[in-house]
Each structure stands twice: as C-alpha cells, then as structure tokens.
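Beneath this line is the structure, given in structure tokens, with notes to follow.
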Amino acid sequence: MKATIYCEPTAKGVHSFFLITPEAEYFLFSQDYRKGVHEYFNKGVRLDEATNFSRSHRDSAIRRTMTKIPMYIKYVEKEYDIEVLEQTKKKNRQAARCYAA
C-alpha cells in the first residue's frame with residue numbers, strides 16, 4: 001500500500017490533513033476550508049497524485065495545498081523516524097552505503 005493523503009473537516013471552516021502509511025496514520029496540518037480542496041482530498045489521494053500539479057485543474061487552493069504537503073511530510077519523517085518520500089529513502093540508502101564502506 002502506498003502512502004495516502006486525505007483531509008477531513010475538523011471544525012467549522014477548518015480542514016485537517018492526514019498521512020496514512022501501512023504502519024500508521026499521522027497528522028500533517030490544518031488549514032482553512034476550501035470546497036475544491038475538500039473534493040480533491042476527502043476520499044484520499046496517493047502521495048504521488050497529492051503533489052502532482054497537473055491534477056489540480058488550475059485550482060489555486062489545491063495548488064497551495066500541494067506545495068505544503070512535502071514540507072509537512074518531511075517534518076513527520078524526522079519526528080517519527082519513518083521514510084515516506086522517495087527522496088528520503090534514496091538519501092538514507094546512500095548514507096548507509098557510506099557508513100558501510
């Protein structure tokens with residue numbers, strides 16, 4: 001199962017975004033409610049689609065949300081010592097090779 005991003009309204013006028021991995025579910029961030037963002041993310045979107053700007057249908061609210069996602073995922077990766085982004089997995093493999101040599 002790939003990592004998935006989804007949102008749900010948590011308070012009046014507020015969306016909360018979550019990252020679901022095979023191991024656990026992590027809170028990412030909250031932002032003001034936007035109808036387009038809700039329609040795109042409420043059922044869950046694979047991580048690669050959650051950051052693909054061509055899928056935003058020129059909706060500026062979705063684009064702004066897509067720019068936030070990688071930054072918050074990097075924070076969650078450091079905080080919980082997990083690997084979600086391919087960039088992080090590649091960096092950790094290279095670091096492991098350097099230490100092994």
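Predicted, not measured: the structure shown is a model, and the values here were computed from it.
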What distance separates [X] [atom1] from [Y] [atom2], expressed to the nearest 0.5 Å?
X: D59; Y: R34; atom1: CG; atom2: CZ; answer: 9.5 Å
X: K90; Y: L85; atom1: NZ; atom2: CG; answer: 13.5 Å
X: I62; Y: K35; atom1: CD1; atom2: NZ; answer: 12.0 Å
X: C7; Y: E39; atom1: SG; atom2: CD; answer: 10.5 Å

Does Y72 have any ring pair (Phe, Tyr, Trp, His ring centres under 6.0 Å) partners at least two apart in sequence or in another chain, and if so, which?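 If we apply the ring pair (Phe, Tyr, Trp, His ring centres under 6.0 Å) test to Y72, skipping adjacent residues, the hits are F29.
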In terms of side-chain geometry, is the basic nitrogen of K74 or E77 positioned less than 4.0 Å from the acidic oxygen of its partner? no
Between R55 and E49, is there a side-chain N and carboxylate O pair less than 4.0 Å apart?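 A salt bridge is present here (some side-chain N lies under 4.0 Å from a carboxylate O).
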Derivation and outcome, side chain to side chain contact (heavy atoms under 4.5 Å, CB included), residues K89 and E86: CA-CA 5 Å; K89 293 175 186 176; E86 289 301 319; 3.5 Å; yes
Donor-acceptor list for residues 8-16 side chains, cut-off 3.5 Å, not counting sequence neighbours:
from: T10; atom 1: OG1; to: S16; atom 2: OG; distance (Å): 3.0
from: H15; atom 1: NE2; to: H38; atom 2: ND1; distance (Å): 3.2
from: S16; atom 1: OG; to: S30; atom 2: OG; distance (Å): 3.0

Return yes if a side-chain donor-acceptor contact under 3.5 Å exists between T4 and R46, otherwise no. no
Check: A61 main-chain N/O paired with T65 side-chain donor or acceptor under 3.5 Å: yes
Give a yes or no on whether V37 and M71 share a hydrophobic cluster (residues Ile, Leu, Val, Met, Phe, Trp, Tyr; joining criterion: side-chain heavy atoms under 4.5 Å apart).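 V37 clusters together with M71.
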Side chains of [X] and [Y]: closer than 4.5 Å at any heavy-atom pair?
X: L28; Y: V76; value: yes
X: Q31; Y: K68; value: yes
X: E83; Y: N92; value: yes

For I73 and L47, what are the C-alpha separation, side-chain angles and deciding distance, and is it a side chain to side chain contact (heavy atoms under 4.5 Å, CB included)? CA-CA 10 Å; I73 289 176; L47 181 58; 3.3 Å; yes
Report the C-alpha distance between F41 and I69 in whole Å, list the side-chain angles of each, state the deciding distance to 0.1 Å, and finish with yes or no for side chain to side chain contact (heavy atoms under 4.5 Å, CB included). CA-CA 12 Å; F41 287 102; I69 290 172; 3.8 Å; yes
Would you confirm whether the ring centroid of Y26 sits within less than 6.0 angstrom of the ring centroid of Y80? yes
Working note: Y6 + V45, criterion side chain to side chain contact (heavy atoms under 4.5 Å, CB included); need CA distance, chi angles, decisive distance, verdict. CA-CA 6 Å; Y6 81 96; V45 179; over 6 Å; no
